[in-house]
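For reference, the structure discussed in these notes is given below.
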Amino acid sequence: MSGSDPAEVSASTDEEVQETATDHLGMRRAKLDRLRAQGIEPFPHDFDGAQSIGALRSSYEGRLDAGEEGQERVRIAGRLAARRGSGKAAFLDVVDRSGRLQVHARIDLLGEDAYERVLSLDLGDLIGVDGTMMRTRRGELSVRTDAVTMLAKSLRPPPDKHHGLQDVETRYRKRELDLVANEETRELFMTRAKIIASVRKFLDEDGFIEVETPVLQPLYGGAAARPFTTHFNALDSDFYLRIATELYLKRCIVGGLERVYELGKDFRNEGLSTKHNPEFTMLEWYEAHSDYEDVAARCERLVATAASAANYSGDLDFSPPWRRLTLRQAILDGCGIDVIEHRERDELAAAIKQRGFDVAPNDSWAQLVDELLTKHVEPTLIQPTFLVDYPVELSPFAKRHRSEPGLVERFEAYCGGMEIANAFSELNDPDEQRARFETQRAAAAAGDDESQPFDESYLEALELGMPPTGGIGIGIDRLVMLLTGRQSIREVVLFPAMREA
RNA sequence: GGGCCGUUAGCUCAAUUGGCAGAGCAGGGGACUCUUAAUCCCAAGGUUGGAGGUUCGAUUCCUCCACGGCCCA
């Protein structure tokens, strides 16, 4: 944009401003023009040396009595959130990521022109403030300013200064408005970052290395889910967005990396709900020479660590050890049906009907078990609980149980009525893995669109030899929901998936 | 996919049986040198989500559509 012509700017006089009194954008643009006409750059390039408001507040804790003025020069930067008074002295509330601080602006310290510019600031403008620290007579820590700098003019009005932004749809679609208006939202996403940082630190300190495996995959796998499909132009072939990182991470274990983790997005082409966003953040780790018991122990320690990083203070008790019970026992407790006693499909279906529950006519034995788990057990698992020892039919990548026939060494972690983790002693016998893929192929042929595609290159990797390995996937968004007390995944994802407006 | 609820000023919310669509905040003009949801005075601000229908008259009743929330599948 070229420099504005003062002659043109003068056309934007007070009469014209008055004419468009409720044209918020127009009013703000007029002020922008006026600043430029005064030779003031409304979008300067930098503003060095601003202190964090939160840090400044802490450092003045217990310092300065009410009405007292300090000597230290300070500089803060943030968004103008409120203004009180005007005549010859005004109070501004400036908000940065760490908090809010009052600024006292006086005409005798700023001079008439600068004070006039302070009065013409709009709520939402980004400003820098220089001055000295003081406490008002009522004890409010404040900056007594002698220089206010426009850092970026805001051309749109911010949401209500007191009620914030309430409309859920707008909060999700325009998260920046939510972040500007609602301190709670800012805090939530800072907490989310602390949780994720604590997870990385925990694993790094335990000798894991963070790796990055393909998001775009020629074949998807590692979970029961439908994928997103895309076209790779240069290769002229269809690719999939990953639904899990599992198979590539185990290839890293085959390669000798011993302890690996990946923290990133998975994509599942399925419905949206308060617990499902189609792209979501997953943590998976794999550790050589471990089994699912070792993984469970690490999982409960990791979650407890994350809870403390989040300053969690709710009703859930994450301290290890968590409750452990078998899947069989959990379903028996939850609905009085012993799924292992009824190992045949029709037999189980009869038992379920006898209990008065519906049975979908085409569900397999495994699907019936999964249905019982999801409907009757999962909602009751509030305190952290490991359900252990799953049927082999539900777990194509888990190693058969060392003592229980027909079961695999697998657990799922449940908390707050939600599944948050899924783990197993990894199947490393390539021939058995091949047989499991064959079973999946048969399921696919029978119409199961969540079955595992046959992955020959994964089998080749296993044939090279994978050490005994334990692995896990943890849903990070759900973990954040639990640790921040949110009921919807959309509250903890910055920009959740939304239908086009 | 089904059920229920919602959509009104920039934001937060009202509006009686179907009878001129209102307030607070923000924004505009003015007063104010310790306010903090500042206060006081004045003026302004609307295609009531969209399209139809019923009616003399629709924010209100009906149908369809869009978007969202909650619950169910």
Side-chain angles (χ1 to χ4, degrees), chain A residues 12-31 34 64-69 79-95 99-112 115 118-125 133-146 154-174 177-178 180-183 270-276 357-363 367 371 374-375 379 417 486-491 496-501:
Chain A
S12 171
T13 57
D14 283 353
E15 303 96 79
E16 187 174 314
V17 166
Q18 242 167 339
E19 264 178 34
T20 57
T22 53
D23 173 10
H24 298 98
L25 276 60
M27 293 301 308
R28 285 168 182 250
R29 285 197 175 278
K31 289 181 181 177
R34 220 176 301 149
L64 294 180
D65 293 327
E68 197 182 340
E69 294 176 30
R79 200 177 282 275
L80 180 60
R83 178 178 45 216
R84 295 170 293 281
S86 61
K88 296 189 174 68
F91 294 90
L92 313 177
D93 285 352
V94 175
V95 171
R100 174 182 291 242
L101 189 60
Q102 176 170 273
V103 172
H104 190 201
R106 292 174 18 176
I107 195 167
D108 56 351
L109 289 175
L110 283 161
E112 277 187 29
Y115 188 72
V118 166
L119 293 192
S120 70
L121 288 172
D122 288 305
L123 296 191
D125 283 349
M133 296 305 289
M134 61 169 280
R135 238 177 241 285
T136 64
R137 283 170 209 159
R138 293 195 185 175
E140 177 85 20
L141 187 68
S142 306
V143 179
R144 168 159 290 167
T145 185
D146 47 40
S154 171
L155 295 176
R156 290 180 183 275
D160 189 283
K161 69 176 180 184
H162 183 241
H163 298 95
L165 178 65
Q166 301 295 325
D167 183 75
V168 174
E169 184 174 353
T170 309
R171 288 185 46 237
Y172 294 163
R173 285 189 193 277
K174 301 185 179 176
L177 286 176
D178 189 23
V180 163
N182 299 326
E183 188 182 357
E270 293 172 352
L272 292 81
S273 80
T274 49
K275 289 172 185 157
H276 298 87
F357 303 132
D358 290 338
V359 172
N362 295 322
D363 273 3
Q367 285 168 320
E371 170 95 355
T374 305
K375 265 177 107 165
R486 305 298 150 134
Q487 300 304 308
S488 169
I489 196 169
R490 292 182 153 196
E491 290 290 341
M498 301 284 277
R499 198 179 295 271
E500 220 174 326

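Chain letters run A, B, ... following the sequence lines, proteins first and then strands; every chain starts at 1. We use all heavy atoms of the structure for the numbers below, so side chains are in, but hydrogens, waters and symmetry mates are not.
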>> Does a side-chain N or O of Arg499(A) approach OP1 or OP2 of A66(B) to a distance below 4.0 Å, or not?
In response: no
>> For a quick check of understanding: with a heavy-atom distance under 4.0 Å over all strands, which category does Asp167(A) fall into, base, sugar-phosphate or nothing?
In response: sugar-phosphate
> Taking the same atom, C1', in U63(B) and in A26(B), what whole-Å distance lies between them?
Replying inline: 38 Å
>> What's Thr274(A) touching, base or sugar-phosphate or nothing? Going by heavy atoms closer than 4.0 Å.
In response: sugar-phosphate
>> With rounding to the closest Å, how many angstrom separate the P atoms on G50(B) and A66(B)?
In response: 15 Å
> Is there a donor and acceptor pair, one atom on the side chain of Glu169(A) and one on the base of U7(B), closer than 3.5 Å?
Replying inline: no
> At under 4.0 Å between heavy atoms, what does Gln166(A) touch on the DNA or RNA strands: base, sugar-phosphate, or nothing?
Replying inline: sugar-phosphate
> What nucleotide among C11(B), G27(B), C34(B) has an atom nearest to a side-chain atom of Thr136(A)?
Replying inline: C34(B)
>> Please classify the nucleic acid contact of Arg490(A) as base, sugar-phosphate, or nothing, using heavy-atom distances under 4.0 Å.
In response: sugar-phosphate
>> Under 4.0 Å, heavy atoms only, any strand: does Arg83(A) hit a base, just the sugar-phosphate, or nothing?
In response: sugar-phosphate
> If we take the P atom in both G24(B) and A58(B), what is their distance in whole Å?
Replying inline: 29 Å
>> Please report the distance separating the C1' of C67(B) from the corresponding atom of G30(B), rounded so that it comes out in whole Å.
In response: 43 Å
